[in-house]
Amino acid sequence: MSTIELNVPDIGDFKEVEVIEVLVKPGDLVRAEQSLLTVESEKASMEIPSPQAGRVVALKVKLGDKVSQGSLMLELEPLADSSATLTVPTTAPSQNAASALPAVAPGPSVSATQLAHMTTAGFSGTPDVVCRLLVLGGGPGGYSAAFRAADLGLQTVLVERYATLGGVCLNVGCIPSKALLHTAAAIDEARALAAHGVTFGAPQIDLNALRGWKDSVVGKLTAGLAGMARARKVQIVRGEGRFLDAHHLEVAITSGPGREPTGVRQVIRFEQVIVAAGSEPVRLPFLPDDPRIVDSTGALKLAQVPQRMLVIGGGIIGLEMASVYSTLGARIDVVEMLDGLMPGADRDLVKVWLKHNAARFDRIMLQTRTVSAQATDSGIAVRFEGAQAPESGEQTYDLVLCAVGRRPNGAALGLEQAGVQVTERGFVTVDAQMRTSVPHIFAIGDLVGQPMLAHKAVHEGHVAAEAAAGEKSFFDARVIPAVAYTDPEIAWVGLTEDSARAQGISVGKAVFPWAASGRAIANGRDEGFTKLLFDETTHRLVGGAIVGTHAGDMIGELALAIEMGADATDIGRTIHPHPTLGESMGMAAELYEGVCTDLPPMRRSKPHPV
């Protein structure tokens, strides 16, 4: 087929502008309106798109060249079949907010040779989008993987079903909950200042303004992600994806503030894919469909401040939201099937939290199940069974939060069509490079197992992107910290006393009480402590936990100490600033070695291993 020459189009009054980026190379397939060059004048930079689809035969410009209207850019071989034109989806995401998903052109495109080697066993039509790397899911793991891949030079497409990047964590999870928890903590602290001689009037709660504050926090972050996607030329396709085979994903395009279907479908052909589709809240089957029964997403909407609220599930998510609603004026009941709250944390930590928060709760029902719920005009009537079920029988609540856990979305993606093995619970098995049973398909985040934490997913996303780019990258973290952002906070990393006992591992323990911390006493919050667990033979740190204000901000030091193989002397002889809460970690290490001078003498120093 004959070639055509592509010249610089009308670029206004700009002349002799410099070429600062060449976005394609000979052999690349390009789409209509795909960017070919970026040029820059003294006033602005702009991208020059291709007027039609085809294959690049020869480049006629290079970096640093000066071009004007009519300058020859490249020679293009048009596609033989116009019906095979590869175009970006025509359904653009909502642009009502600054944080809406950007419709941006892709980076360097897939070459004709690469395209020919892609498997087409399950799909024989013409794809709408072709890319080297596809990322399915725009949460912390997904966008981190996409951005890292783009930084490594891979042409990357990111599929996200909602209007903004950030996933559950940023939009309806970690971030908005922390905004509300911060507000609740400020209200509680203002009340506590009465003991310091400072008294404030009762807080006036404006729910609309509080919701606006929460949404502004989310909006600021999602806008930042949208800008970073544009800067990296990560192409965003908005919709819900399902695999057709090992190299094709069908996307049902969505729109609006939620994930409303448009009826438009697009097919993406990819060389490699990172699946980061996350998880969804578990809903108990007997709960009726009623707006007064919510999951964590519904609770964050702050539709009302109930008089009586039931939290089903005594884990971190439920107790964080209980803290917020309690401070705003609700009376709280909690029901939990197990024999303790916050499974995973040592009981001595939870005991401190419970003592500080006892006044928030009317009932904490442990070893108790919720067995039925009925929507009535007066509220949600709930019945319980178990060791601590109310003797008075049925209880009625204005709001019920179901926070019994999350389930991975692995079973909803059609992964079996791509040959990927998915467990009965919806998890995907991966190796240390995050590869699934199909080597060019990676999975990260909640899909690959516990703990379901955003910071784990981010690191897994980086590993998967680097492995996809050919780097020798592996997920080999020794420990992953966990934090309950309640008041006081509880944070732990590595072995806990409970897990060490269950595994038959003998550990040494040192606990530094915050009642001996000058900073904690000055803050009026000395109820907490810092606990370190050491290998009795090597004295290396193997676990640590903190209960108290800002525990989550400090636990990273203990994670680093475990990763680096630090022993008690390393930690104790690291000079921590005084007076701080963080110095309690150094003092706990000194305590273990018997050299702490901030507590009464306890025992002689242990012999340090050679």
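Please read all numbers here as calculations on a predicted model, not as lab measurements.
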Mind jotting down which residue pairs meet the salt bridge (charged side-chain N to carboxylate O under 4.0 Å, His left out) criterion with at least one end in residues 303-321? Sequence neighbours excluded, please.
Lys178-Glu320, Arg308-Asp333
Distance check, rounded to the nearest 0.5 Å: Thr436 atom OG1 versus Ile274 atom CD1?
11.5 Å
Decide if atom NE2 of His182 counts as having more than 12 heavy atoms of other residues, nucleotides or ligands within a radius under 6.0 Å.
no
Proximity of Tyr592 and His539 rings by center, below 6.0 Å:
yes
More than 12 heavy atoms of other residues, nucleotides or ligands under 6.0 Å from CD1 of Ile293: yes or no?
yes
I'd like to know if the side chain of Ser499 and the backbone of Leu495 have a donor-acceptor N/O pair within less than 3.5 Å.
no
For a 4.5 angstrom cut-off between non-hydrogen side-chain atoms, does Phe529 reach Val352?
yes
Would you find a donor on one side and an acceptor on the other, under 3.5 Å apart, between the side chain of Thr580 and the backbone of His576?
no
When you compare the side chain of Leu210 with that of Leu328, does any pair of heavy atoms fall below 4.5 Å?
yes
Using side-chain heavy atoms (C-beta onward) and a distance below 4.5 Å, is Val168 in contact with Glu280?
no
How close do Tyr485 and Leu181 get, counting heavy atoms only, and between which atoms?
O-CD1, 3.3 Å
More than 12 foreign heavy atoms under 6.0 Å from CD of Glu471: is that the case here?
yes
Any sub-3.5 Å donor-acceptor pair from Asp570's side-chain atoms to Asp567's backbone N or O?
yes
Can you give me the closest heavy-atom contact between Gly494 and Ile562, atom names plus distance?
CA-CD1, 4.2 Å
Is the backbone of Ala299 close enough, under 3.5 Å, to the side chain of Tyr325 for a donor and an acceptor to pair up by distance?
yes
Pairing donors with acceptors under 3.5 angstrom, does anything connect the side chains of Ser326 and Ser323?
no
Do other residues, nucleotides or ligands put more than 12 heavy atoms under 6.0 Å from the CE atom of Met337?
no
Under a plain distance cut-off of 3.5 Å, with no hydrogens placed, do Thr164 and Asn171 share a side-chain donor-acceptor pair?
yes
Is the closest side-chain donor-acceptor distance between Thr486 and Glu489 under 3.5 Å?
no
Could you check whether Arg540 pairs with Asp535 (Lys NZ or Arg NE/NH1/NH2 to Asp/Glu carboxylate O, under 4.0 Å)?
no
Value for CD (Glu460) from OG (Ser473), rounded to nearest 0.5 Å, stands at 11.5 Å
Is there a side-chain contact between Thr530 and Trp514, using heavy atoms and a 4.5 Å cut-off?
yes
For Gly445 and Lys456 the tightest heavy-atom approach is O-NZ, 3.3 Å
Above 12 or not: heavy atoms from other molecules or residues under 6.0 Å from NE2 of His356?
yes
Check: Val547 and Val350 side chains under 4.5 Å, non-hydrogen atoms:
no
I'd like to know if Lys220 pairs up with Asp215 as an ion pair, taking the criterion as any Lys NZ or Arg NE/NH1/NH2 lying under 4.0 Å from an Asp or Glu carboxylate oxygen.
no
Is the shortest side-chain heavy-atom distance between Leu341 and Val334 below 4.5 Å?
yes
With rounding to the nearest 0.5 angstrom, report the CH2 to CD1 distance, Trp492 to Ile490.
7.0 Å
Locate the shortest heavy-atom distance separating Leu158 from Gly142; write the atom from each residue and the value.
CD1-O, 4.4 Å
Backbone of Gly344 reached by a side-chain donor or acceptor of Asp498 within 3.5 Å
no
Counting distance only, does the side-chain N/O of Glu160 pair as donor-acceptor with the main-chain N or O of Tyr162 below 3.5 Å?
yes
Please round to the nearest 0.5 Å and tell me the distance separating atom CG of Asp476 and atom CD of Gln433.
11.0 Å
Taking the side chain from Asp398 and the backbone from Gln307, do they hold a donor-acceptor pair closer than 3.5 Å?
yes
Return yes if a side-chain donor-acceptor contact under 3.5 Å exists between Ser584 and Arg519, otherwise no.
no
Does the side chain of Ile364 come within less than 4.5 Å of Leu366's, by heavy atoms?
yes
Please check: side-chain N/O of Arg347 versus main-chain N/O of Ala345, any donor-acceptor pairing under 3.5 Å?
yes
Does Asp348 come within less than 4.0 Å of Lys351, counting only side-chain N to carboxylate O?
no
Carboxylate-amine/guanidinium proximity below 4.0 Å for Asp295 and Arg283
no
Arg331 side chain to Met309 main-chain N or O, any donor-acceptor pair under 3.5 Å?
no
Apply the test salt bridge (Lys or Arg N to Asp or Glu O under 4.0 Å) to residues Arg148 and Glu466: give CA-CA distance (whole Å), side-chain angles for both, the deciding distance (0.1 Å), then the verdict.
CA-CA 7 Å; Arg148 182 70 181 118; Glu466 290 161 4; 2.9 Å; yes
Mind checking the OH-CG spacing from Tyr143 to Leu170? Nearest 0.5 Å is all I need.
6.0 Å
Check: Ser279/Asn409 side-chain N/O donor and acceptor closer than 3.5 Å:
no
Here the gap from Arg407 atom CZ to Met452 atom CE, rounded to the nearest 0.5 Å, amounts to 10.0 Å
Atom of Gly314, atom of Leu319 and distance for their closest heavy-atom approach:
O-CD1, 3.5 Å
Asp151/Arg232 ion pair, N-O < 4.0 Å:
yes
Classify the side-chain pair Gln388/Arg363 by whether it contains a donor and acceptor separated by less than 3.5 Å.
no
Heavy atoms only: give me the nearest Glu593-Ala568 pair and the separation to one decimal.
OE2-CB, 3.3 Å
Thinking salt bridges, do Glu497 and Lys509 make one under a 4.0 Å N-O criterion?
yes
Electrostatic pair Arg525:Glu527 at N-O distance under 4.0 angstrom
yes
